[in-house]
Amino acid sequence: RIRVAMESDDQAKNRFQSELEFVQCLANPNYLNFLAQRGFLRDRPFINYLKYLLYWKEPEYAKFLKYPHCLHMLELLQYEHFRKELVNAQCAKFIDEQQLLHWQHYSRKRTRLQQALAEQQQAPQQPPQHGNAAAK
């Protein structure tokens with residue numbers, strides 16, 4: 001990413017923080033619905049700004065994101081059809097529900113994996129039994 005000409009360090013820091021906050025807001029489907037209903041997602045300069053923000057997908061910037069799901073939404077916002085659909089509150093509600101289901105599934109799966117790993121680490125290591133040794 002090229003730093004804007006004649007931008008001071010403080011200005012660059014403020015821009016970074018503002019863009020970081022805005023990109024993360026894109027993870028919220030209700031906010032996207034708000035933007036769509038007010039016409040921002042039809043505004044060419046705003047669409048160009050969304051394209052510019054794709055630099056957040058680079059690892060050197062993505063590492064600062066608290067809500068990485070926003071990158072998927074930013075990618076989807078590059079498509080006109082998706083931007084048009086967001087005007088519909090039912091679309092935003094559906095996306096919101098799907099995010100919730102994803103997070104619940106991820107959380108449960110992660111908890112099960114952590115429990116299984118903890119059980120493996122606590123279980124004494126026994127050599128495997130061969131042949132009929134188990135039947136004796």
Side-chain angles (χ1 to χ4, degrees):
R1 194 170 134 243
I2 299 172
R3 194 163 135 177
V4 177
M6 307 301 286
E7 185 178 57
S8 72
D9 287 343
D10 284 342
Q11 289 170 325
K13 182 180 177 182
N14 286 339
R15 185 166 51 83
F16 175 84
Q17 290 173 337
S18 296
E19 290 175 0
L20 172 63
E21 184 176 335
F22 178 73
V23 166
Q24 293 191 110
C25 286
L26 300 178
N28 182 341
N30 296 309
Y31 180 61
L32 297 178
N33 175 250
F34 169 86
L35 292 173
Q37 288 184 347
R38 279 146 188 85
F40 287 99
L41 300 183
R42 291 188 308 266
D43 184 44
R44 181 51 51 194
F46 191 80
I47 294 167
N48 290 341
Y49 181 62
L50 292 172
K51 186 173 184 176
Y52 156 78
L53 291 173
L54 286 170
Y55 77 85
W56 283 97
K57 293 175 70 176
E58 298 297 324
E60 65 189 277
Y61 295 100
K63 68 183 178 184
F64 295 103
L65 296 170
K66 186 174 181 180
Y67 307 104
H69 187 74
C70 65
L71 295 177
H72 183 65
M73 301 307 273
L74 178 60
E75 185 67 37
L76 290 174
L77 285 166
Q78 305 303 311
Y79 299 97
E80 182 180 9
H81 180 74
F82 182 72
R83 293 192 306 267
K84 285 181 178 180
E85 288 297 320
L86 285 170
V87 172
N88 182 349
Q90 284 303 110
C91 177
K93 184 177 189 282
F94 177 77
I95 294 169
D96 194 41
E97 290 169 352
Q98 294 303 304
Q99 282 181 333
L100 182 60
L101 289 171
H102 171 75
W103 291 330
Q104 287 173 340
H105 173 74
Y106 174 80
S107 184
R108 282 194 304 268
K109 185 176 180 181
R110 184 180 171 106
T111 300
R112 284 194 302 267
L113 288 173
Q114 288 173 335
Q115 288 172 343
L117 181 61
E119 290 170 5
Q120 276 182 342
Q121 291 173 344
Q122 291 176 352
Q125 297 295 326
Q126 298 177 1
Q129 296 179 346
H130 298 333
N132 289 333
K136 291 182 184 177

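Just so we're clear, the structure is a prediction, and the values are computed from it rather than from any experiment. Sequential numbering from 1 along the given sequence is applied to the chain's residues.
A distance of 11.0 Å separates CG in L35 from CG in N30, rounded to the nearest 0.5 Å. The CH2 atom of W56 sits 6.0 Å away from the CG atom of L65 when rounded to the nearest 0.5 Å. Atom CG of L74 is separated from atom NZ of K51 by 12.0 Å, given to the nearest 0.5 angstrom. To the nearest 0.5 Å, atoms OH (Y31) and CE (M73) are separated by 13.0 Å. Going from atom CG of L26 over to atom NE2 of H69 covers 10.5 Å, rounded to the nearest 0.5 Å. For the atom pair CG of L77 and SG of C70, the computed distance is 10.5 Å after rounding to the nearest 0.5 Å.
Contact between A62 and K57 at its shortest, heavy atoms only, is CB-O, 4.3 Å. Of all the heavy atoms in E60 and K63, the pair that sits closest is O-CE, 3.4 Å.
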So E19 and Y61, side chain to side chain donor-acceptor pair (under 3.5 Å) or not? Walk me through it.
CA-CA 11 Å; E19 290 175 0; Y61 295 100; over 6 Å; no
side-chain contact (heavy atoms from CB on, under 4.5 Å) assessment of L20 paired with Q24
CA-CA 6 Å; L20 172 63; Q24 293 191 110; 3.9 Å; yes
Would D9 and K13 count as a side-chain contact (heavy atoms from CB on, under 4.5 Å) if you check the C-alpha gap in whole Å, the side-chain angles of each, and the deciding distance to 0.1 Å?
CA-CA 6 Å; D9 287 343; K13 182 180 177 182; over 6 Å; no
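For CD of Q78, the number of neighbouring non-hydrogen atoms (other residues, nucleotides, ligands) closer than 6.0 Å is greater than 12.
Remark: Y49 pairs with F22, Y52 by the ring-ring contact (aromatic ring centres under 6.0 Å, His included) rule, at least two apart or across chains.
Screening residues 24-35 for salt bridge (Lys or Arg N to Asp or Glu O under 4.0 Å), with sequence neighbours left out, gives no hits.
Between F64 and F16, the ring-plane angle classifies as perpendicular under the 30° and 60° cut-offs.
In terms of hydrophobic clustering, with Ile, Leu, Val, Met, Phe, Trp and Tyr side chains grouped at heavy-atom distances under 4.5 Å, L32 and I47 are assigned to different clusters. Taking hydrophobic clusters as Ile, Leu, Val, Met, Phe, Trp and Tyr residues chained together by side-chain heavy-atom distances below 4.5 Å, Y67 does not share a cluster with I95.
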Please list, one pair per line, the donor and acceptor atoms closer than 3.5 Å that link side chains of residues 36-43 to other protein atoms, with sequence neighbours excluded.
| from | atom 1 | to | atom 2 | distance (Å) |
| --- | --- | --- | --- | --- |
| Q37 | NE2 | N33 | OD1 | 3.4 |
| Q37 | NE2 | V87 | O | 3.3 |
| R38 | NH1 | F34 | O | 3.4 |

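In this structure, the side chains of E75 and L71 stay at 4.5 Å or more apart for every pair of heavy atoms.
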